[in-house]
Amino acid sequence: MIALVDCNNFYVSCERVFNPSIHNRPIVVLSNNDGCIISRSDEAKALGIKMGSPFFKNRTIIDKNNVYVYSTNFPLYSDMSQRIMSLLIKKYLHVEIYSIDEAFLDYSNIIKPLKDALHIQTQILKWIGIPVSIGIAKNKTLAKIANKIAKNKCRENILQINCQEKLNKYLKETCVSELWGIGKQYAKFLMNSGINNAYELSHCSDSWIKKKLSILGLMTVDELRGKSCFKILMEKQSKKSIRVARTFSKGINDFILLSNRLSTFTNLCSEKLRKENAYARKVTIFISTNPFNRDLNSHYYAKKTIFFESPTNNALKIITHVMRALRLIYKNEFIYKKTGIILSDIIPKSKIQLSFFNNEFENAKENSLMDAIDKINKAYGKMTIFPASNGNRQNYFPKQKYLSPRYTTQINELMKVVA
DNA sequence: TCTGGGGTCCTAGGACCC
DNA sequence: TCTGGGGTCCTAGGACCC
């Protein structure tokens, strides 16, 4: 059994903790630049304010109903999140922090799941002040479904799906668009194909699903059928890319202004990288015109990736590459609305071996790189690697690959870094 | 007039290699 | 005139998540 703990209207709930006077009032929290609505209280939802919709389009409803409006306060939200997560980690052995407001718990050894869930729910509310919903079911996808129903239809905000009868009933009640892993495009496609709810989806053929929705879609469908495909990932996953991007309130078409902004982004980005104790192998910059402009001919999007000679986290080095990329794509006749930089192909310094080799060699990280390579050679005759994305998908993908020349080069580079 | 930011993963197809 | 087979690597583009 897996339980999903999900905070109700998280950002709004955080604001309420520090301002109890707004408890029964409609509240919304806005995104960066106060552009979109990204969190709503139940009262605001009842007014018909949509998630992600632009602030200016809701202006009339907001003014008319005295809706409280907050700009985001991310430091506050992540602090509150940490408090909740550490409470969970203290109490449970296996916890996956899935997002700022969600965590999966391994409930396989919990004897009375409902009672236990009620207890932790009460504790979080009492000690931290945040209301949470808890869904309990056989796997992550079903726990997501249980959570959604718990949040919207159960008085206690807790629901366990523990028999096939209940499961079938809930699957039939769940529209494909509400499923975890089925987004707008897939939902549209499925409904056009006559598949409207989760129950119908679970009866589609494997080959068709895989072809149309990719391997991840098939895993989702397998979970609806009761298999467990997505494991609980306890270890903090090291980042594979880091990005800083902004939409400007006014478009920019001046090269100097753009490069100034990009320098700032580069600093922020490499700061994040150093915080991760990691190095990046490439940088991508992108710039785009206003995507909401009605004139489609004025849409312009450009992206340029530059590889480093060796992995780095040095902002000055990165900036020279960023500027080169900007010069390559800059065209004066456009007014850019959005720019960003992405550092990717990230190598965690503290466990360099791990990023290239099988988990079995985790304990090799204490030793030198050469030792690790020797061990691997002895064990396998030739080196063994796993693609980074293989973690969850061992049932679907063959495990072994031989070490290609590409990786030999990378190892040589890594050894330079280590030295 | 005003429409977020930060991530992950998969797939197809071309380049390239032996 | 015919035009292999098996493999890797990289990228663009498109999907998804909160």
Side-chain angles (χ1 to χ4, degrees), chain A residues 4 6-7 9-11 29-39 50-59 62 71-72 74 77-78 81 97-103 140-141 144 147 177-190 210-220 230 233 237-251 265 268-269 272 276 281-282 284 286 288 290-294 301-307 337-346 385 387-393 396-398 401-410:
Chain A
L4 171 65
D6 189 326
C7 302
N9 316 329
F10 184 54
Y11 298 165
V29 174
L30 304 179
S31 64
N32 262 37
N33 292 341
D34 292 344
C36 291
I37 288 160
I38 53 169
S39 183
K50 294 266 179 322
M51 178 67 176
S53 61
F55 177 48
F56 73 89
K57 280 193 180 167
N58 294 282
R59 206 57 204 251
I62 286 172
S71 294
T72 36
F74 270 106
Y77 310 147
S78 59
S81 171
I97 300 172
Y98 178 66
S99 75
I100 193 164
D101 70 335
E102 281 171 81
K140 283 183 167 179
T141 305
K144 274 272 186 187
N147 190 292
S177 63
E178 295 174 276
L179 287 171
W180 186 49
I182 306 293
K184 233 179 170 178
Q185 302 303 320
Y186 285 165
K188 200 171 138 194
F189 164 76
L190 287 171
K210 185 170 179 226
K211 195 172 158 208
K212 300 293 185 185
L213 270 60
S214 96
I215 191 74
L216 289 175
L218 180 56
M219 289 165 76
T220 296
F230 303 106
L233 304 168
Q237 306 293 301
S238 43
K239 283 200 169 61
K240 300 184 175 67
S241 69
I242 291 175
R243 138 196 332 229
V244 172
R246 290 289 177 277
T247 300
F248 308 134
S249 45
K250 275 185 182 166
F265 296 172
L268 288 171
C269 223
K272 289 187 190 177
E276 291 278 314
R281 301 173 48 82
K282 56 190 186 190
T284 302
F286 66 89
S288 78
N290 185 359
F292 294 99
N293 198 324
R294 277 198 214 106
Y301 176 84
K303 203 164 127 178
K304 183 77 199 162
T305 299
I306 294 193
F307 287 79
K337 190 70 180 164
K338 187 170 186 172
T339 76
I341 98 158
I342 306 167
L343 293 174
S344 55
D345 220 344
I346 289 175
I385 58 152
S389 59
N390 200 19
N392 261 328
R393 281 164 276 281
Y396 295 91
F397 286 116
K401 293 196 169 212
Y402 70 83
L403 191 75
S404 72
R406 172 175 174 248
Y407 285 92
T408 318
T409 320
Q410 285 178 332

Inset, instruction - Decide yes or no for A:E102 and A:K144: does some side-chain heavy atom of the first lie under 4.5 Å from some side-chain heavy atom of the second? - result: yes

Inset, instruction - Answer with base, sugar-phosphate or nothing: what part of the nucleic acid does A:I182 contact at a heavy-atom distance below 4.0 Å? - result: sugar-phosphate

Inset, instruction - State whether A:S214 places a side-chain N or O below 4.0 Å from either non-bridging phosphate oxygen (OP1 or OP2) of C:dC16. - result: no

Legend entry - Nearest listed nucleotide, side chain of A:E102, among C:dC18, C:dC16, B:dT8: C:dC18

Inset, instruction - Identify, between A:P54 and A:K210, the residue whose nearest nucleotide on DNA chain B lies closer to the 5' end. - result: A:P54

Inset, instruction - Please determine, for the side chain of A:K57, which listed nucleotide (B:dG5, B:dT3, C:dC18) has the closest atom? - result: B:dT3

Inset, instruction - Identify whether any heavy atom of A:F55 sits under 4.0 Å from a base atom; if not, whether one sits that close to sugar-phosphate; answer base, sugar-phosphate or nothing. - result: nothing

Inset, instruction - Look at all strands and tell whether A:D101 reaches a base, only sugar-phosphate, or nothing, counting heavy atoms closer than 4.0 Å. - result: sugar-phosphate

Inset, instruction - Could you walk me through whether A:K304 and A:T284 pass side-chain contact (heavy atoms from CB on, under 4.5 Å), step by step? - result: CA-CA 5 Å; A:K304 183 77 199 162; A:T284 302; over 6 Å; no

Legend entry - Among C:dC17, B:dG7, B:dG4, the one nearest A:S241 by side-chain distance: B:dG7

Inset, instruction - Please tell me which of the listed nucleotides, B:dT3, C:dC18, C:dC16, lies nearest to the side chain of A:Y98? - result: C:dC18

Inset, instruction - Using a heavy-atom cut-off of under 4.0 Å over every strand shown, decide if A:F307 touches base, sugar-phosphate, or nothing. - result: sugar-phosphate

Inset, instruction - With the side chain of A:K272 defined as its heavy atoms from C-beta on, choose the nearest nucleotide among B:dG5, C:dA15, B:dG6. - result: B:dG6

Inset, instruction - Would you indicate what A:L179 reaches in the nucleic acid, counting non-hydrogen atoms under 4.0 angstrom: base, sugar-phosphate, or nothing? - result: sugar-phosphate

Inset, instruction - Could you label the plane-to-plane angle of the A:F230 and A:W180 rings as parallel, tilted or perpendicular, counting under 30° as parallel and over 60° as perpendicular? - result: perpendicular

Inset, instruction - Just call it for A:K144: base, sugar-phosphate, or nothing, with non-hydrogen atoms closer than 4.0 Å on any strand. - result: sugar-phosphate

Inset, instruction - For the side chain of A:I38, starting at C-beta, report the closest nucleotide among B:dG4, B:dG5, B:dT8. - result: B:dG4

Inset, instruction - Could you tell me whether A:K282 contacts a base, only the sugar-phosphate backbone, or nothing, with contacts defined as non-hydrogen atoms closer than 4.0 Å? - result: sugar-phosphate

Inset, instruction - Describe the nucleic acid contact of A:R59 in one word from base, sugar-phosphate, nothing, applying a heavy-atom distance below 4.0 Å. - result: nothing

Legend entry - C1' spacing across the pair C:dG4 / B:dC16, given as an integer number of angstrom: 15 Å

Legend entry - Residue A:Q185, side-chain atoms from C-beta onward, closest of B:dG5, C:dC16, B:dC9: C:dC16

Legend entry - Side-chain N or O of A:K240 closer than 4.0 Å to phosphate OP1/OP2 of B:dG7: no

Inset, instruction - Would you mind classifying the nucleic acid contact of A:I342 as base, sugar-phosphate or nothing, using non-hydrogen atoms under 4.0 angstrom? - result: nothing

Inset, instruction - Look at the side chain of A:A245 and decide which nucleotide, out of B:dG6, B:dT3, C:dC17, has an atom nearest to it. - result: B:dG6

Inset, instruction - Pick base, sugar-phosphate or nothing for A:K239, based on heavy-atom distances below 4.0 Å to the nucleic acid. - result: sugar-phosphate

Inset, instruction - Using a heavy-atom cut-off of under 4.0 Å over every strand shown, decide if A:K337 touches base, sugar-phosphate, or nothing. - result: sugar-phosphate

Legend entry - Trace of the side-chain contact (heavy atoms from CB on, under 4.5 Å) decision for A:F189 with A:Q185: CA-CA 6 Å; A:F189 164 76; A:Q185 302 303 320; over 6 Å; no

Legend entry - Earlier contact from the 5' end, DNA chain B, for A:S53 and A:R243: A:S53

